[in-house]
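Only one structure is covered here, and it is reproduced in the block below.
First the proteins, then the strands, lettered A, B, ... as listed; each starts at 1.
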Amino acid sequence: MPEFRLYNSLTRQDEPFAPADGHTVRFYACGPTVYNPAHLGNFRTFLFEDLLRRVIRLRGWDVEQVMNLTDVDDKIIKRATEQGKTIREVTDPIVEIFHADREFLRVQRAEHYPRATDYIAEMITLVQRLEQKGVAYKADDNSVYFAIDKFPTYGTLSRLDTREIKSGARVSQDEYAKENAQDFALWKSAKAEDEACEAAWDSPWGRGRAGWHLECSAMAMAILGETIDLHAGGIDLMFPHHEDEIAQSEAATGKPFARCWCHGEFLLTDGTKMAKRVGNVATVADLRANKVSPAALRHFVFSTHYRKQLNLSGEALEASQEAVRRVGDFADRLERELAGTPELAQVAETLMVEATAALYDDLNAPRAMAALFDFISAANREFDRRGSDKGSLLRARDVFAQVNAVLDIIPERGLDDATLAAWVEEQLRLRADARGRRDFAAADEIRKAIEAKGIVIEDAAGATRWKVVR
RNA sequence: GGCGCCGUCGCCAAGUGGUAAGGCAGGAGACUGCAAAUCUCCCACCGUCGGUUCGAUUCCGACCGGCGCCUCCA
C-alpha cells in the first residue's frame with residue numbers, strides 16, 4: 001500500500017501521515033460562523049475537508065471529525081441586535097441551511113458539530129488554566145487576554161515575525177486595554193447589547209463571552225483530546241486564528257496541539273477572493289437556481305489541487321457539468337453491461353493503483369480524476385469489444401465504486417416523475433412504430449417533442465434509452 | 001514594508017532534469033435512417049531574460065503579470 005502523505009503547514013513539507021493510535025484519525029475542521037448561509041468559498045474548504053475525510057477512510061482508517069459551529073460573535077450579535085432577536089434565534093435557521101447545503105454538495109456528515117455556546121464551561125476552564133500558567137491576564141476592561149510574549153514560539157505556524165507586522169497591517173486602535181497590540185482576547189467582557197441578545201455568561205471575570213479563537217481549542221480538546229492528529233481550515237485562518245489556537249492549547253497543556261495542519265486555498269471569483277465584503281459571493285442557492293449539479297461542483301473543485309487558488313467561472317462550471325455527464329453515462333453502462341473482456345480487469349487495476357497513488361500523494365484529486373477518465377475510455381473500449389468475462393465486470397464495478405466513494409461525482413438521476421415517465425414511454429412506442437414504417441419524419445417529430453421536455457434519447461441495439469438532462 | 005502562492009493547449013488543469021496527464025471546446029472519420037451515446041485519429045514545446053547542466057517547462061537569479069495573508073474571514 002502506498003504511503004499516505006500530506007503537506008503539513010507547520011513544517012511546510014510533505015510528510016507521511018498516520019493517526020497516532022494507528023487506527024482513528026482525530027480530525028478538527030474549522031466550521032462556519034452561522035450568521036449567513038455559507039458561500040461557495042466556504043464550501044470549497046469544506047469540500048477539501050470532505051475529500052480528506054474520504055481519502056482517510058479509503059486508506060482504511062476511521063475518522064472522528066469535529067466541525068465547530070461558531071454561534072456567537074460580533075456579527076451575530078450585531079444581527080441579533082438589529083432584528084431584536086436572541087443570538088440563538090439568529091443562528092438556528094442558519095445552522096439548518098448549512099446542513100441542507102452540506103448535504104446537497106454531498107459533504108459527509110462529521111461525527112460532531114459542537115456549537116460554541118454549548119462549551120462555555122470548557123472555555124472558562126481553559127482560560128483559568130492559562131491564568132494559572134501565567135500567560136493570561138485580566139485587563140482594566142474586565143476582559144482576559146493572552147500574552148503572546150509569554151509564549152516564545154508564537155508565530156511558528158504562520159512564520160510571521162510579530163515585530164515585522166507594521167506598515168500594511170492595520171492594528172485595531174480601540175483595544176487599548178491590551179498590554180500588547182498582538183495579544184488576543186480569551187474572554188470578552190459583556191456589553192449591554194450582548195446581554196440583550198443573550199450573548200453573555202457568568203465567569204470568574206464577570207459577565208462576558210469567550211473569544212473566537214478559544215472555542216476551537218476548547219472544543220477540540222474536549223472532544224478529541226489534548227493532541228489531535230489533524231487540524232484543517234482555510235488558508236486565511238492560519239493567522240491569527242490557528243496561531244492563537246496553538247498558543248492557547250499548548251500553553252495550557254504543554255503538549256503539541258495538532259500533529260498536522262492542513263490549509264486549503266481560496267476560491268476566487270473574477271480573479272479576487274470570494275468574500276462578502278467584495279460582493280462577489282455565490283451560494284448553493286445560486287447553484288440550484290442555475291441547475292448546476294452538485295456532482296459538477298465537486299468535479300470543478302477537485303479539478304484543482306486544494307492548495308492552489310481556483311477561479312469560479314460559468315465556463316468552467318459548464319465544462320464540469322459536461323465532464324460529469326460522461327461519468328454518469330458510464331456509470332449507467334457499468335450497470336447495464338452483463339460482462340466484459342478479460343482485459344477489463346486489468347484496466348480496473350490500473351485505475352485502482354493510479355487513483356490511490358494520486359489521492360495518497362497529498363490529495364492529488366486532479367490526477368485521480370485523470371486516472372478515472374482514462375479508465376472510462378479504456379473500459380468503454382473493452383465493452384465495445386463484447387467480452388463474456390463476468391469477473392472482470394464485477395472488478396470494474398468494484399473499483400469504480402471505490403474511486404467514486406471518494407470523489408462522488410456521478411450526477412443525480414432526473415427526478416422520478418411517474419407521469420412524465422409514462423408519457424415518455426408512450427411516445428417512444430409511437431416513435432418505434434413510426435421507425436418501423438420507416439416514417440422518419442414522424443419519428444423525428446416525436447423525438448423533438450421529447451427533447452423539448454429536457455429528455456435525451458439514445459437508440460441502442462435493442463431498445464431506446466432515455467434520460468432527463470435538465 | 002514583511003510573509004507566501006501562482007503564470008503550462010481557445011478555456012479549466014496535472015506533472016517531470018532528458019523533449020508535456022486529464023476534462024471542456026474544436027476538426028476529421030466509424031457506427032446510426034438521422035441523431036444521441038460510444039470508438040478511432042488530429043489539436044501545446046510549458047510568462048520574459050539570464051545562469052547552472054551534456055541536457056530545463058522542471059533548479060537558481062532578475063524582471064513582467066496575477067492572487068493571498070499580515071484586520072473579521074473558508
Go through [options] for me and flag the one nearest to the [X] side chain.
X: A/His299; options: B/G23, B/A74, B/U38; value: B/G23
X: A/Ala370; options: B/A21, B/G66, B/C69; value: B/A21
X: A/Asp374; options: B/C70, B/G22, B/A13; value: B/G22
X: A/Phe373; options: B/G23, B/G33, B/A14; value: B/G23
X: A/Arg326; options: B/G33, B/C69, B/U38; value: B/U38
X: A/Glu322; options: B/C39, B/A37, B/C24; value: B/C24
X: A/Pro240; options: B/U38, B/C72, B/C69; value: B/C72
X: A/Arg381; options: B/A74, B/U40, B/A14; value: B/U40

Measuring only the [atom1] atom in each nucleotide, how far is [N] from [M]? A whole number of Å is fine.
N: B/G15; M: B/C6; atom1: P; answer: 11 Å
N: B/G10; M: B/C5; atom1: P; answer: 28 Å
N: B/C11; M: B/G47; atom1: P; answer: 13 Å
N: B/C46; M: B/G7; atom1: C1'; answer: 10 Å
N: B/A21; M: B/U57; atom1: C1'; answer: 15 Å
N: B/G1; M: B/U58; atom1: P; answer: 28 Å
N: B/C24; M: B/A37; atom1: P; answer: 11 Å
N: B/C63; M: B/U40; atom1: P; answer: 48 Å

Could you state the atom-to-atom distance from [atom1] of [X] to [atom2] of [N] in whole Å?
X: A/Phe266; N: B/G4; atom1: CZ; atom2: P; result: 17 Å
X: A/Ile376; N: B/C39; atom1: CD1; atom2: P; result: 9 Å
X: A/Tyr154; N: B/C70; atom1: OH; atom2: P; result: 12 Å
X: A/Asp361; N: B/A14; atom1: CG; atom2: P; result: 13 Å
X: A/His213; N: B/C72; atom1: NE2; atom2: P; result: 6 Å
X: A/Arg385; N: B/U40; atom1: CZ; atom2: C1'; result: 15 Å
X: A/Arg277; N: B/C69; atom1: CZ; atom2: P; result: 8 Å
X: A/Tyr306; N: B/A74; atom1: OH; atom2: C1'; result: 15 Å

Taking OP1 and OP2 of B/A74, is either one under 4.0 Å from a side-chain nitrogen or oxygen of A/Thr33? yes

Within the pair A/Asn364 and B/G15, is there a side-chain N or O less than 4.0 Å away from OP1 or OP2? yes

Qualifying salt bridge (Lys or Arg N to Asp or Glu O under 4.0 Å) pairs with a residue from residues 402-411 of chain A, counting only residues at least two apart or across chains: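 Qualifying pairs: A/Arg54-A/Asp408, A/Arg106-A/Asp408.
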
Base-pairing mate for [N] - Watson-Crick or G-U, with both contacts under 3.5 Å:
N: B/G33; result: none
N: B/G26; result: B/C42
N: B/C3; result: B/G68
N: B/U53; result: none

Could you verify whether a donor N or O on one side chain and an acceptor N or O on the other, from [X] and [Y], lie under 3.5 Å apart?
X: A/Asp459; Y: A/Thr464; answer: yes
X: A/His112; Y: A/Glu64; answer: yes
X: A/Asn180; Y: A/Tyr145; answer: no
X: A/Asp270; Y: A/Thr272; answer: no
X: A/Ser320; Y: A/Arg298; answer: no

Mind checking what makes side chain to side chain donor-acceptor pair (under 3.5 Å) contact with A/Thr156, not counting sequence neighbours? none

List for me each residue that meets side chain to side chain donor-acceptor pair (under 3.5 Å) alongside A/Arg386, sequence neighbours excluded, and say none if there are none. A/Glu337

Does A/Lys276 have more than 12 heavy atoms from other residues, nucleotides or ligands lying within 6.0 Å of its NZ? yes

Determine whether more than 12 heavy atoms belonging to other residues, nucleotides or ligands lie under 6.0 Å from atom CZ of A/Arg438. no

Just to be sure I understand the rule, does [X] reach a base, reach only the sugar-phosphate, or reach nothing, if contact means heavy atoms closer than 4.0 Å?
X: A/Lys75; value: base
X: A/Ser320; value: nothing
X: A/His39; value: base
X: A/Asp74; value: nothing
X: A/Arg437; value: nothing
X: A/Ala323; value: sugar-phosphate
X: A/Met238; value: nothing
X: A/Gly41; value: base
X: A/Leu267; value: base

Between protein and nucleic acid, restricted to nucleotides 8-12 of chain B and to nitrogen or oxygen atoms under 3.5 Å apart, what atom pairs and distances do you find?
none

RNA chain B nearest-nucleotide lookup for A/Asp73 and A/Asp329: closer to the 5′ end is A/Asp329

Nearest heavy atom decides the nucleotide; on that basis, is A/Asp384 or A/Met369 closer to the 5' end of RNA chain B? A/Met369

Below 30° counts as parallel, above 60° as perpendicular, anything between as tilted: where do the rings of A/His241 and A/His213 land? tilted

What class does the angle between the rings of A/Trp261 and A/His263 fall in, given that below 30° is parallel, 30 to 60° is tilted and above 60° is perpendicular? parallel

Any pair counted as ring-ring contact (aromatic ring centres under 6.0 Å, His included), so long as it reaches residues 318-348 of chain A, sequence neighbours left out: A/Phe330-A/Phe375, A/Phe330-A/Phe400

Quick one: which protein N/O atoms are closer than 3.5 Å to N/O atoms of nucleotides 34-36 of chain B? Pair and distance per line, please.
from: B/C34; atom 1: O2; to: A/Arg447; atom 2: NH1; distance (Å): 3.4
from: B/C34; atom 1: O2; to: A/Arg447; atom 2: NH2; distance (Å): 2.4
from: B/C34; atom 1: N3; to: A/Arg447; atom 2: NH1; distance (Å): 3.0
from: B/C34; atom 1: N4; to: A/Asp459; atom 2: OD2; distance (Å): 2.9
from: B/A35; atom 1: N6; to: A/Asp459; atom 2: O; distance (Å): 3.3
from: B/A35; atom 1: N1; to: A/Asp459; atom 2: N; distance (Å): 3.0
from: B/A35; atom 1: N1; to: A/Asp459; atom 2: OD2; distance (Å): 3.4
from: B/A35; atom 1: N3; to: A/Arg447; atom 2: NH1; distance (Å): 3.1

